[in-house]
Amino acid sequence: MNIFVTGGAGFIGANYIFYMLREHPEYRIVCLDKLTYAGNLSTLEPIIQNPNFRFEKIDICDREAVCGLFEEEKPDIVVNFAAESHVDRSIEDPEVFLRTNILGTQVLMDACRKYGIQRFHQVSTDEVYGDLPLDKPDLFFTEKTPLHASSPYSASKASADMLVQAYHRTYGLPATISRCSNNYGPYQFPEKLIPLMIANALADKPLPVYGDGLNVRDWLYVEDHCRAIDLIIHNGRVGEVYNVGGHNEMSNISIVKLICSELGKPETLIKYVTDRKGHDRRYAIDPDKIHSELGWLPETKFADGIKETVRWYLNNKEWWETIVSGEYKNYYEKMYGNK
Ligand code: TDX
């Protein structure tokens, strides 16, 4: 089996490659990554010499380069993680989100049609459903919930999902889609809530909580997401969408307080700042379909996963300190400087 993993130098993609090489040592994994600010080749260092692994620096929008690699490798499965994924960046500058997330997906699917494929899997997000109110805790996103994106990021992911479904219906592309809740774990870029708060707390810097801090996210340990995708590409039904989430809803402020306590830092570091524009209130996934059809259940409890994640950031300071001190510094100043 030859699997193309796009965006494999990013957070979830890299964790997925580690997972697949461990669980299926006989598979060949080819990683295509543009190496944007969020992609880090050093993340793949532990497996770069693995004879069953190949890395290619490729932008998924580059049709010629993508087709060249398909021609050479003839992949059986493509798993598309490649995406611009940070909501705050999409609010500042939407264009690259539309380009990579929508047109890049189209280029990949065109190559799949041209060269033939067993499965194209699109890694999507619960954000395509919009948000839920805080006062109706019995409401969850199911696969039938209408798409109702709030940010340019989520609109680009919703567009890509619709394009995938259109390619399935129109051309018979054997496609599946997964829509997962918020992930956390090793190698997450420190612009996202959990690693940002860990990095700031360790440096005794303010912990910027947007709005009232009561927005709710449904957190899943990244490895549980990787296992869900593995199940879907092997046993999921073509043309179907699978929601992935762990029924682990938490408010942002409770997560930040937990991180303070794990690191032995005072809550006085918490600083309430201007809210994100169009900030989604609550995400909550109903994972019943993937559980009943494919037997998937999350294995890592949040209490264990967050401890493991904090330990990883403590033990791998050089990985994220390089990021925090580089180009990202300008982004941080721009986004948080006057908040
Ligand atoms: O500094 C911050 N302060 C803060 O209060 C940051 C970075 C975030 N937040 C809040 C905003 C959100 O309510 O924390 C919550 C989580 O924020 P993010 O980590 O930016 O994630 P979110 O906006 O929920 O989107 C994430 O989940 C769905 C991923 O970034 C997406 O790529 C994924 O599709």
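Just so it is clear, the values below take in all heavy atoms, side chains as well, and ignore hydrogens, waters and symmetry mates. Counting starts at 1 for both ligands and their atoms, in listed order. What you see is a predicted model; the values in this text were computed from it and never measured.
Applying the 4.0 Å criterion to heavy atoms of Lys192 picks out, from ligand 1, the atoms 19 (O), 30 (O), 32 (O). The atoms of ligand 1 that sit less than 4.0 Å from any heavy atom of Val87 are 23 (O). Atom numbering of ligand 1 starts at 1 in the shown order; those under 4.0 Å from a heavy atom of Thr125 are 28 (C), 33 (C), 34 (O). In the vicinity of Glu127, heavy-atom distances shorter than 4.0 Å reach the ligand 1 atoms 22 (P), 23 (O), 24 (O), 25 (O), 26 (C), 27 (O), 28 (C), 31 (C), 33 (C). Every atom of ligand 1 with a heavy atom of Val209 under 4.0 Å away is listed here by number and element: 5 (O). In the vicinity of Tyr336, heavy-atom distances shorter than 4.0 Å reach the ligand 1 atoms 1 (O), 2 (C), 6 (C), 7 (C). Interface atoms of ligand 1 facing His279, defined by a heavy-atom separation under 4.0 Å, are 11 (C), 12 (C), 13 (O). The ligand atoms of ligand 1 that sit less than 4.0 angstrom from a heavy atom of His86 are 20 (O).
Applying the 6.0 Å contact sphere to CD of Glu327 captures no more than 12 heavy atoms from other residues, nucleotides or ligands. Within 6.0 Å of NE2 in His234 there are more than 12 heavy atoms belonging to other residues, nucleotides or ligands. Counting heavy atoms of neighbouring residues, nucleotides and ligands inside a 6.0 Å radius, atom NZ of Lys329 does not exceed 12 of them.
Close N/O approach between Leu193 and ligand 1 is found [any backbone or side-chain N/O within under 3.5 Å]. Annotation: Tyr283 places no N or O atom under 3.5 Å from an N or O atom of ligand 1; distance criterion only. Between Tyr153 and ligand 1, a contact under 3.5 Å exists for at least one N or O pair. Checking only distances, Met197 never comes within under 3.5 Å of ligand 1, N or O to N or O. For the pair Ser85 and ligand 1, the shortest N or O to N or O distance falls below 3.5 Å. Ligand 1 has no N or O atom lying under 3.5 Å from any N or O atom of Asp126, backbone or side chain.
The protein heavy-atom contact nearest to atom 21 (O) of ligand 1 is Asn182 ND2, 3.5 Å. For atom 5 (O) of ligand 1, the nearest protein heavy atom (residue, atom name, distance) is Tyr210 N, 2.9 Å. The nearest protein atom to atom 24 (O) of ligand 1, hydrogens excluded, is given as Arg217 NE, 2.7 Å; this is a heavy-atom distance. The protein heavy-atom contact nearest to atom 3 (N) of ligand 1 is Pro208 O, 2.8 Å. The nearest protein atom to atom 20 (O) of ligand 1, hydrogens excluded, is given as Arg276 NH2, 2.9 Å; this is a heavy-atom distance.
For the pair Arg217 and Tyr184, the NZ or CZ position fails the cation-pi test of under 6.0 Å to the six-membered ring centre and within 45 degrees of the ring normal.
Classification of the Trp320-Tyr313 ring pair by plane angle, with boundaries at 30° and 60°, yields tilted. Using bins of under 30°, 30° to 60° and over 60° for the plane-to-plane angle, the ring pair Tyr187/Phe18 lands in the tilted bin. Relative ring orientation between His225 and Phe81 is described as perpendicular, the plane-to-plane angle rising above 60° on a 0-90° scale split at 30° and 60°.
Under 4.0 Å from ligand 1, the heavy atoms of Glu191 that appear belong solely to its backbone.
Checked by atom type, the side-chain pair Arg281/Asn215 shows a donor-acceptor distance below 3.5 Å.
Contact of the Ile229 side chain with the Tyr19 side chain is not registered, since no non-hydrogen atoms from C-beta on lie closer than 4.5 Å. At least one side-chain heavy atom of Met335 sits under 4.5 Å from a side-chain heavy atom of Glu92.
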field: Residue pair Tyr221, Glu308: steps toward the side-chain hydrogen bond (donor to acceptor under 3.5 Å, both in side chains) verdict
entry: CA-CA 10 Å; Tyr221 195 60; Glu308 182 54 38; 4.9 Å; no
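For Tyr331 and Tyr37, the ring centers sit 6.0 Å or farther from each other.
In this comparison of Val128, Asn252, Ile194, the heavy atom closest to atom 15 (C) of ligand 1 sits on Asn252.
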